[in-house]
Amino acid sequence: MSSADPPNTPDAVKRSRYTYRHFQLLRQSSTATPLRAIAHIDLDAFYAQCEMVRLGTPRDTPLAVQQWDSLIAVNYAARPFGVNRMVSTAEARKLCPNIVLQHVATFREGEGGRWAYRDDSFRSVKTDKVSLDPYRAASRNILATMKDELQRWCTDTSEGQLDHLTQGITPGLEKASIDEVFIDLSPLIYSVLLRRYPELRAIAQDEKQVAELPCPPTTALQWASEDSLIDLDPLESEEDDPDWDDIVMLVAAEITRSVRNAVWEKLHYTCSAGIARNKMLAKLGSACNKPNKQTVVRNRAIQKFLGGYKFTQIRMLGGKLGDQITAFFGTEQVSELLNVSLEQLRAKLDDHTATWLYSTIRGDDRSEVNPRTQIKSMLSAKSFRPSINSIDQAEKWLHIFAADIYGRLVEDGLLENRRRPRVITLHHRVVLSRSRQTPIPGSITIDENLLFELAKTLLRQVMADGQVWPCANLSLSVSSFEDGVGKNKAIEGFLVRADQAKSLIHARPRDAGILNEQPPADKKRKIDGIKRFFNQPHADDPAASDNESSQPPLAQDLAPIIQEDIAVSPDTSDALQFTCSRCSKSIPEYDREEHDDWHFAKDLANQDRQEARDAQQQSHPPTNSRASNTRGRPGRGGRGKSEKGQMRLAFQ
DNA sequence: ATGCGAATG
DNA sequence: GGCATTCGCAT
């Protein structure tokens, strides 16, 4: 038999085309093994389903989610009527007289920062701001349900004598958006296969890892009738005996089905899934059969499957890069781009992008499932239909933004000191957009008013920087989240003690238990400084001049405060000192325990962070550098540097 | 660190 | 088109 023959051609001694090494790599979610299994799960018309669940709408009732005068989600019952996202509410009603149009929840000016579903919100673009909170909440529940179900598979799988082979496995779950997740099923499948196929246990650690596996004992796989299989490539046949990659997909489909089923049983949401060897294929697969179906792309089906696509449908190729490639090579079809050699790609694209594209359209995507479920930033924004023209108007919206974000921070565990943002940013647009950000001091208690005051300060900076009115868009965001210690009971205990100790020693209220950026003994009274700053009346109109001597009010006001703080700061001189072996800082003896605890907590946090990014990608997505430079930087003139430096001094 | 654009949903 | 999130580049 020639080497060109398909490896699973019947033969005297049948061997798998996969090795023990391939199999073992599943355990650690290696990106390199051809036996890898990734699921992409996508909630069907998510916002619409959220409203259906909330309102108790029957599944066959057409429903769409409305935002002002347009639709942002349309359920599957409404789609046959021709209702889609780009349709106005009036058109939707004409197309489908019985459709339920539910407006999104909104915040309303002067209503205490609480969002609500309101009958008249569609008339209130002027006063209301959209809230997506209900959908974020649903997303969290769904994610938790998925995790539970996966955990069930983990514990059900590891028992008895196989413990040593299967314990400690964790399927990576990446929240890709509010309604999408990727799951790396590889480790889970590794343990399931070990249980179900004793022949796989034979070799554990030998030098013979390169040896081929025995063929799977099964000759015909029982695929669930609800699952859609992508047709095999032309040279492959369903009659051929399955190899281990087929078994892997079968188990992956079984696990994914159970996850989807759990979401349905517990929360009444349907979702669609794609199951394949990597994220790209899984993602394409999940869109193939909607709603409420899952699609399996077996290895032997990849070429035909991908060849039928326009490459502009592949992740990262939907924008300008895709347009450029189309222009360069005169086609959008993957099948035609396959005829372009790597050299030819390199002639038009930078090396990175060329090699990435070359492998990607051949079905090779080595990107990791990033085990991340937590949000990285929070943004609250509003576009102004007629632009707004005064700082008064702007500050009303800043109030709403602050309330919105604060509420979300609380949901995120701010009050339990689980997570807090370190940076706040204000974006602003007239025609072009600009933004300003500033640190949120780790020593300060975040509340709604703090966010508002910081936002106001940033707005003044933006104003001092150039044209602001008429303002077409304003947004406030927080980012650079820092892990606190709320999850850990032991640490929480320490915090209570530490806090009591602190208030005894310093008679300082309300600084409760935040894991600060600096060891407690080291940080001074920046809190008071900042509060004082905010209470100071701003005799400012910085509008005048980009003159070097005219500093923004912030820097000027804060300089003396910091000085004073240092001068006034107590401790150190009289007390007994010890020098910490970890950070070489000199610490008062009575703060020693707290300081040690701080290191302990910080280590834990670092460890967590490390685990979170343990897996580093080895396949790099294309860079988005070229294609961009169509817009020259509108060089913001005047003052930039001294201000930044002083801000940092002031706030951190 | 800070500010910006691209891409995606 | 409005709103939201993540990423990478540049300074």
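Just so it is clear, the model here is predicted, and its values are computed rather than measured. In what follows, every heavy atom counts, from backbone to side chain, and hydrogens, waters and symmetry copies are set aside. Each chain gets a letter, A, B and so on, in the order the sequences are listed, and its residues count up from 1.
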Give one of base, sugar-phosphate or nothing for A:Arg136, where a contact means two heavy atoms less than 4.0 Å apart. sugar-phosphate
Mind checking if A:Met378 touches a base, just sugar-phosphate, or nothing, with heavy atoms under 4.0 Å? sugar-phosphate
Locate the shortest heavy-atom distance separating A:Ala402 from A:Phe452; write the atom from each residue and the value. CB-N, 3.8 Å
So, are A:Arg123 and A:Asp69 salt-bridged, with charged N and O less than 4.0 Å apart? no
Searching all strands shown, indicate the nucleotide that pairs with C:dG2 (Watson-Crick or G-U wobble; both distances under 3.5 Å). none
Length of the CD-P vector between A:Gln66 and C:dC3, whole Å: 14 Å
State whether A:Ser475 places a side-chain N or O below 4.0 Å from either non-bridging phosphate oxygen (OP1 or OP2) of C:dC3. no
Short side-chain N/O contact to B:dA6 OP1/OP2 from A:Lys320, under 4.0 Å: yes
Taking for each residue the nucleotide of DNA chain C bearing the nearest heavy atom, is the 5' side occupied by A:Lys175 or by A:Lys382? A:Lys382
Provide, to the nearest angstrom, the distance between the CZ atom belonging to A:Phe182 and the P atom belonging to B:dT8. 12 Å
What is the separation between atom NZ on A:Lys129 and atom C1' on C:dG2, rounded to the nearest whole Å? 10 Å
Under 4.0 angstrom, heavy atoms only, what part of the nucleic acid is A:Ser380 near: base, sugar-phosphate, or nothing? sugar-phosphate
Return the nearest nucleotide to the side chain of A:Arg372; candidates are B:dG3, C:dG2, C:dC7. C:dC7
Does the C:dG1 base have a donor-acceptor partner in the side chain of A:Arg85 within less than 3.5 Å? yes
Between P on B:dT8 and CG on A:Asp323, what's the gap in Å once rounded to a whole number? 10 Å
Euclidean distance, atom CD1 of residue A:Ile72 to atom P of B:dG9 [Å, nearest integer]: 16 Å
salt_bridge(A:Asp133, A:Arg136) N-O dist < 4.0 Å: yes
Would you say C:dG2 has OP1 or OP2 under 4.0 Å from some side-chain N or O of A:Arg429? no
Distance in angstrom units between A:Ile178 CD1 and B:dT8 P, rounded: 19 Å
Regarding the side chain of A:Gln437, the nearest nucleotide among B:dG5, C:dA4, B:dT2 is B:dT2
NZ/NE/NH1/NH2 to OD/OE distance under 4.0 Å, A:Lys456 and A:Glu453: yes
Would you indicate what A:Lys283 reaches in the nucleic acid, counting non-hydrogen atoms under 4.0 angstrom: base, sugar-phosphate, or nothing? sugar-phosphate
With a 4.0 Å cut-off, would you call A:Arg418 and A:Glu482 a salt bridge? no
Does B:dT2 have OP1 or OP2 under 4.0 Å away from a side-chain N or O of A:Ser435? no
Is the distance from OP1 or OP2 of C:dT5 to the nearest side-chain N or O of A:Ser477 less than 4.0 Å? no
Counting side-chain heavy atoms from C-beta on, which of C:dA4, C:dG2, B:dG9 comes nearest to A:Ser177? B:dG9
Salt bridge present between A:Arg54 and A:Glu51 (N-O < 4.0 angstrom): yes
Atom-to-atom span, CG of A:Leu132 to P of B:dG9 - whole angstrom: 17 Å
Salt bridge or not between A:Lys279 and A:Glu368? Use side-chain N to carboxylate O under 4.0 Å. no
Look at the side chain of A:Glu180 and decide which nucleotide, out of B:dG9, C:dT5, C:dG2, has an atom nearest to it. B:dG9
Toward the 5' end of DNA chain C, by each residue's nearest nucleotide, A:Arg385 or A:Leu379: A:Arg385
Phosphate OP1/OP2 of B:dG3: any A:Arg436 side-chain N/O under 4.0 Å: yes
Using whole Å, report how far CG of A:Asn370 lies from C1' of C:dT6. 11 Å
Selected nucleotide, minimal atom distance to A:Trp68 side chain, candidates C:dG2, C:dT6, C:dA4: C:dG2
Among C:dG2, B:dG9, C:dT6, which is the nearest nucleotide to the side chain of A:Asp179? B:dG9
